[in-house]
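Handing you this structure, nothing more for now.
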Amino acid sequence: MSPASAAKPVPRPGAMKIEAYVPGKSKAPAGVKLHKLSSNETPLGPSPQAIAAFRASADALELYPDGSATALREAIAGRYGLDAKRIVCGAGSDELLSLLCHAYLGPGDEGLFSEHGFLVYKIGILAAGATPVIAKEKNLSTDVDAVLAAVTERTKVVFIANPNNPTGTYLPFDEVKRLHAGLRPDILLVLDAAYAEYVRRNDYASGLELVASSENVVMTRTFSKIHGLANLRIGWLYGPEGVVDVLNRIRGPFNMNGPALAAGVAAITDREHEEKALRHNEEWLPKVTKGLTDLGLTVTPSVGNFVLVHFPDEAGQRAPDADAYLTSKGVILRRMEAYGLPNALRLTIGSAEANEAVLGHLKAFRSGARA
Ligand SMILES: *Cc1c(COP(=O)(O)O)cnc(C)c1O
C-alpha cells in the first residue's frame, strides 16, 4: 500500500476543537403533555399573516428565491427607518454570526466574548481557525472593563449579546458606547440583539444608532424569537457599507429561501402580533420570576423572554435534580453546564398553562425535599 492510501482529508485547524452545539431537548415521557421551555421560542407562534404567506409560497417552489432578499430588507428598513442597502439577511442570525467570523477571523486572530455569552460565538471563532478569548463577568453581566482588558493586538472581533442569553441581563446603552469608544477602530464590535424587542428599559438600545455612526459596529437581529419563525431560519444584520459589502461577497448567493422571505415580510409588518407577544411577556416575566423566588429559588433579573434560575447547593435540590423531575412531568428546561452554570436552569416564558405547570411542579419538587 502506498502511504497516500492511509491519508485522509484533514479539516482546517480549529474544527475539531468545537464542541457541537446541543439544542434544547424536546421529548416528554409517553402520555405526558410536553411543555418545551428550553429554546426561548414564543408561546404565541408566528403571525397568522406569516403562516398564510408561507403557505402561498408553496406554489412556486421550483423557482430560485430573490438572492438579495430585497422585499424583506425593504420591509425591515421600513419598520425601523433604516437604509435597506445596509441590511444583510441570513438563515438565522447564526448564519450571519458565522459569516462574520469567516470574514474577519483566521488563524492567529482572537475573537472575544463574555464568560456566559452565547455559545454560537465560540463555535464560529473556532470554525474560522481563530482563538476564543473569554472576559470575566460581574454579577452575570457583561463587564465592559473586563472586555477592554482582554483585548490584545490580535483581537479582531468582539461579540456582545445584549440582552445576553442565557443570563437575561443587559448592558445599558451608555456602557455599550463606552465599550465601543475603548476599542481600536480595526476591531469589529458585534451587537447581538436577538431579544431586543422584549426589552422595556429606558437605558437600553439595540445599537442601530451606533451602527449608523461608526465603521466598526454591526447589530444582528432574528425572527426566531418574538416573531416566532425559528423553524424558517431568518436573521438580519445592520452594518456599515464596508462590512455589508464583504458579507454579500462571501455569503451563499441564495442563502435565504422564498418561503422564509415571504413569511418574514408578513411577520415584520404585523405590528399587532408583535405587540401581543410583548404584552404576554410583560405579564408573565414578573409573575414567573416572583413565583420562582417565592419557592426559595434565585432568579437573575431578566429583560428577555426567559429567566436563569439558580438552585440551592443541597442534595436532591440541585439543578440536575429539578431538571430530571420536571422532565418526568413533561416540562423541558435548558441545562446550563455548557455555559459554566451547572446549578442553574434556563426557563423560557411559555403559555399561561405552561408557566402554571412549571411553577406547580417546582413547588412539589421543592416541598418534596423539605418533607
Ligand atoms: C436565539 C438567539 C439567536 C438567534 O439565532 P437564530 O439563528 O436567528 O435562530 C442569536 N443570538 C442569541 C443570543 C440567541 O439567543
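Counting begins at 1 with the first residue of the sequence. Note that ligands are numbered from 1 as they come in the structure, with each ligand's atoms numbered from 1 the same way. Remember, predicted model here, so these are calculated numbers, not experimental data.
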- Hey, which residues fall under 4.0 Å of ligand 1 on heavy atoms?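 The 4.0 Å shell around ligand 1 contains Gly92, Ser93, Asp94, Phe118, Asn165, Asp192, Ala194, Tyr195, Thr222, Ser224, Lys225, Arg233.
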- Message: List the residues meeting ring-ring contact (aromatic ring centres under 6.0 Å, His included) with Tyr195, not counting sequence neighbours, and say none if there are none.
- Response: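 Listed in chain order: Phe306.
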- Query: Can you list every ring pair (Phe, Tyr, Trp, His ring centres under 6.0 Å) pair that touches residues 126-155, not counting sequence neighbours?
  - Reply: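 Every candidate ring pair (Phe, Tyr, Trp, His ring centres under 6.0 Å) pair involving residues 126-155 fails, so no pair, neighbours aside, qualifies.
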- Item | Heavy-atom closest pair, residues Leu148 and Arg178 |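 So the two residues come closest at CD1-O, 4.4 Å.
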- Query: Centroid-to-centroid, Phe113 to Phe159, below 6.0 Å?
  - Reply: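 Centroid separation for Phe113 and Phe159: 6.0 Å or greater.
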- Message: Can you pull out every ring pair (Phe, Tyr, Trp, His ring centres under 6.0 Å) where at least one residue sits in residues 52-85? Sequence neighbours excluded, please.
- Response: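 Listed once each, the pairs are Tyr64-Phe254, Tyr80-Trp236.
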- Message: For a side chain to side chain contact (heavy atoms under 4.5 Å, CB included) check, start with the C-alpha distance between Ile87 and Glu74, then their side-chain angles and the critical distance, and finish with the verdict.
- Response: CA-CA 9 Å; Ile87 295 173; Glu74 283 174 356; over 6 Å; no
